[in-house]
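Report on the following structure.
None of these values were measured; they are calculated from a predicted model.
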Amino acid sequence: MAGGPRLAQAQRVSGWAEPVGMSGGGTETPVGSEVAAAVGSKKRDSLGTAGSAHLIIKDLGEIHSRLLDHRPVIQGETRYFVKEFEEKRGLREMRVLENLKNVIHETNEHTLPKCRETMQDNLEQVLQRLQAANDSICKLQQKEQERTKICNDHLVANKRQHVLQWEEFMREQLQKRAEVDEEHGKAMERLKEQYAEMEKDLARFSTF
């Protein structure tokens with residue numbers, strides 16, 4: 001029969017076995033040991049598969065936590081920061097701030113008013129000296145301007161005087177040149193008359 005082995009396996013799984021013979025007769029008898037063996041093998045297979053999956057999931061969780069979960073690192077750095085800035089440093093920052101506060105208070109209450117008074121006194125003296133120096137400079141500048149004006153006026157007067165003197169000199173030169181020309185003309189006339197008389201005398205002597 002073609003379905004004999006499959007039927008026998010199905011009967012063993014269901015807990016009953018039917019002996020198959022050539023005559024085709026027999027009674028159904030349970031086979032508990034075979035059923036227990038099959039169930040145990042299934043349980044072992046299922047337990048083995050579940051255990052390996054659990055281990056894989058555990059490994060994946062560890063890899064994920066090491067690669068992507070930075071909370072342990074951040075917590076460690078936070079604990080280190082707290083330890084460094086709270087436990088080791090203690091109240092040093094508070095003491096530094098308190099000292100700074102005392103220095104600021106001392107500066108505001110004593111140093112700044114003293115500096116202000118000193119600056120006011122010294123600046124008043126400096127302003128007085130500057131005012132005196134400014135007045136002296138103004139007087140010197142005024143005197144220099146007056147002297148420059150006097151020098152300029154004197155130069156202008158000298159220039160005018162020189163111009164007048166030059167004009168007078170030029171008029172005198174023109175007059176003297178006219179006199180010289182006149183005397184030269186008179187001398188030329190006298191020489192001409194003298195030469196004319198000498199020519200007459202020579203002509204008279206030449207007739208002898």
Test log, rule side chain to side chain contact (heavy atoms under 4.5 Å, CB included), inputs Leu191 and Gln194:
CA-CA 5 Å; Leu191 287 173; Gln194 185 178 356; 4.0 Å; yes

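With rounding to the nearest 0.5 angstrom, the CD1 atom of Ile104 is 10.0 Å from the NZ atom of Lys101. Summarising the geometry, atom CZ belonging to Arg147 is positioned 10.0 Å from atom CG belonging to Leu140; distances are rounded to the nearest 0.5 Å. With values rounded to the nearest 0.5 angstrom, Glu144 atom CD is found 8.5 Å from Cys151 atom SG. Gln141 contributes atom CD, which lies 9.5 Å from atom CG of Asn134 (distance to the nearest 0.5 angstrom). Of the inter-residue distances, the one linking Asp181 atom CG with Leu174 atom CG reads 10.5 Å to the nearest 0.5 angstrom. Ile137 contributes atom CD1, which lies 14.0 Å from atom CD of Gln142 (distance to the nearest 0.5 angstrom).
Other residues, nucleotides and ligands place no more than 12 heavy atoms under 6.0 Å from the NE2 atom of His184.
Arg177 has its side chain out of reach of Gln173: every pair of non-hydrogen atoms, C-beta onward, lies at least 4.5 Å apart. Side-chain contact between Thr148 and Gln145 is absent, with no heavy-atom pair separated by less than 4.5 Å. Proximity of Glu179 to Gln175: side-chain heavy atoms (C-beta onward) are separated by under 4.5 Å at one or more points.
The residues Glu189 and Lys186 are annotated as not salt-bridged, no charged nitrogen and carboxylate oxygen being separated by less than 4.0 angstrom. A salt bridge does not link Glu98 with Arg95: every distance from a Lys NZ or Arg NE/NH1/NH2 to an Asp or Glu carboxylate oxygen is 4.0 Å or more.
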Atom pairs and distances, side-chain donor-acceptor, residues 156-163, under 3.5 Å, sequence neighbours left out:
residue : atom : partner : partner atom : Å
Asn158  : ND2  : His154  : O            : 3.1
Asn158  : ND2  : His154  : NE2          : 2.8
His162  : ND1  : Asn158  : O            : 3.3

